[in-house]
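Here is the naming used below: chain letters follow the sequence lines, and residue numbers restart at 1 for every chain.
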Amino acid sequence: MDKPHAFLPVSRDFFDRPTLELAKELLGCLLVKEAEDGLAAGYIVETEAYIGPGDRAAHSFENRRTKRTEIMFADSGYAYTYLMHTHCLVNVVSGGSANPEAVLIRAIEPAYGTELMSARRRGAFGKNIANGPGKLTKALGISMEDYGHPLWQSPLFIAEGTPPHSITEGKRIGIENSGEARDYLWRFWITGNQFVSRHRKEEK
DNA sequence: ATAATGATAGGCT
DNA sequence: GCCTATCATTATT
């Protein structure tokens, strides 16, 4: 590995925009983690929006405020991490302090520290390193210790990347029991990118 | 395709 | 306190 690249975090007001817009704006950005055992970063290639009060699939549906969702009621730009079975998933808090909304980061394309990411993923190779929300946290070393971390600062932050040439939208994944919310087109990915987690059967 | 995994929250008795 | 569901992943049929 060559000398760690000097990544420049986005400014705090980067997160100050509507959630659906932020979800698309995050595509192509870098997600960077500076850990004890090294730096790793990847391009965000897939996101999903969770818009609290009216979104049955969101943890903050109907403004449900608990210890777990507390950070969603904070200002935009903080990390909302939570555990799903054995896996940690990471979201970017959005909607400002008035709205409990978030953007789930579902997949990244390894860009720096690929060897380290692969090692953390027990030798997974290529797109298998981080093509899923639980996989990318493992690859980057993100855990519950990052809960509430401001994503405009080291050691975990969003950095400017490469704007995507084209964005495709579709239905979200893994929320089959969420009533009408399951059909909202609140999932976004970089068109044609090979590192997206997966596609629904009825979609390409 | 399906089962096991096993953290945490939320709803219930 | 017990029960069930969950914004998954992996290994196994």
> Identify whether any heavy atom of A/Arg122 sits under 4.0 Å from a base atom; if not, whether one sits that close to sugar-phosphate; answer base, sugar-phosphate or nothing.
sugar-phosphate
> Measure from NZ or CZ of A/Arg56 to the centre of the six-membered ring of A/Tyr184, then state whether that distance is under 6.0 Å and the direction lies within 45° of the axis.
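Negative - A/Arg56 is either too far from the ring of A/Tyr184 or too far off its axis.
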> According to salt bridge (Lys or Arg N to Asp or Glu O under 4.0 Å), who are the partners of A/Arg64, at least two apart in sequence or on a separate chain?
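So A/Arg64 forms no salt bridge (Lys or Arg N to Asp or Glu O under 4.0 Å) with any residue.
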> A/Gln153: what forms a side-chain hydrogen bond (donor to acceptor under 3.5 Å, both in side chains) with it, not counting sequence neighbours?
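Here no residue qualifies.
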> Return yes if some donor-acceptor pair links the side-chain N/O of A/Glu46 with the main-chain N/O of A/Ser197 below 3.5 Å, else return no.
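Judged by distance alone, yes, a pair lies under 3.5 Å.
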> A/Thr19: what forms a side-chain hydrogen bond (donor to acceptor under 3.5 Å, both in side chains) with it, not counting sequence neighbours?
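With sequence neighbours excluded, A/Thr19 shows a side-chain hydrogen bond (donor to acceptor under 3.5 Å, both in side chains) to A/Ser94, A/Glu101, given in chain and number order.
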> Go through the structure and list residues passing side-chain hydrogen bond (donor to acceptor under 3.5 Å, both in side chains) with A/Asn99, not counting sequence neighbours.
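Residues passing side-chain hydrogen bond (donor to acceptor under 3.5 Å, both in side chains) with A/Asn99: none at all.
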> Under the side-chain contact (heavy atoms from CB on, under 4.5 Å) criterion, do A/Arg17 and A/Glu25 qualify, and how do the steps go?
CA-CA 10 Å; A/Arg17 66 183 97 217; A/Glu25 198 65 33; 3.6 Å; yes
> What would the secondary structure line of DNA chain B be in dot-bracket form, counting Watson-Crick and G-U wobble pairs under 3.5 Å, with [ ] for pairs that cross earlier ones and | for pairs with another strand?
|||||.||||||.
> Between which nucleotides of DNA chain C, 5' to 3', does chain A make heavy-atom contacts below 4.0 Å?
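Listing 5' to 3', DNA chain C meets chain A from C/dT6 to C/dA11.
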> With sequence neighbours excluded, tell me which residues meet side-chain hydrogen bond (donor to acceptor under 3.5 Å, both in side chains) with A/Ser154.
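Testing A/Ser154 for side-chain hydrogen bond (donor to acceptor under 3.5 Å, both in side chains), a comparison that skips the adjacent residues, returns A/Glu34.
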> Rounded to the Å, how far apart are A/Lys67 NZ and B/dG11 C1'?
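Spelled out: NZ on A/Lys67 to C1' on B/dG11 is 18 Å.
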> Which residue pairs pass the ring-ring contact (aromatic ring centres under 6.0 Å, His included) test when at least one of the two sits in residues 116-150 of chain A, sequence neighbours left out?
none
> Is the centre of the A/Tyr50 ring less than 6.0 Å from the centre of the A/Phe61 ring?
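Aromatic pair excluded; centres sit 6.0 Å or further apart.
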> Among residues 16-30 of chain A, which ones have heavy-atom contacts with DNA chain C below 4.0 Å?
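By residue number: none to list.
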> Could you state the CZ-C1' distance from A/Arg68 to B/dG11, rounded to the nearest angstrom?
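Whole-Å distance recorded here is 14 Å.
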> Could you measure between the two P atoms, the one in C/dC7 and the one in B/dA1, and give it in whole Å?
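Their P atoms lie roughly 22 Å apart.
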> Tell me every residue that passes side chain to side chain contact (heavy atoms under 4.5 Å, CB included) with A/Thr191, counting only those two or more places apart in sequence or in another chain.
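Here the qualifying residues are A/His165, A/Ser166, A/Thr168.
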> Which residues, if any, of residues 71-95 of chain A bring a heavy atom under 4.0 Å of DNA chain B?
A/Leu83, A/His85, A/Thr86
> If the plane angle is over 60° it's perpendicular, under 30° parallel, otherwise tilted; pick one for A/Tyr80 and A/His59.
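The rings of A/Tyr80 and A/His59 stand perpendicular, inter-plane angle above 60°.
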> Among residues at least two apart in sequence or on other chains, which ones pass side chain to side chain contact (heavy atoms under 4.5 Å, CB included) with A/Leu83?
A/Cys88, A/Met144
> Whole-Å distance between B/dG10 C1' and A/His59 NE2?
12 Å
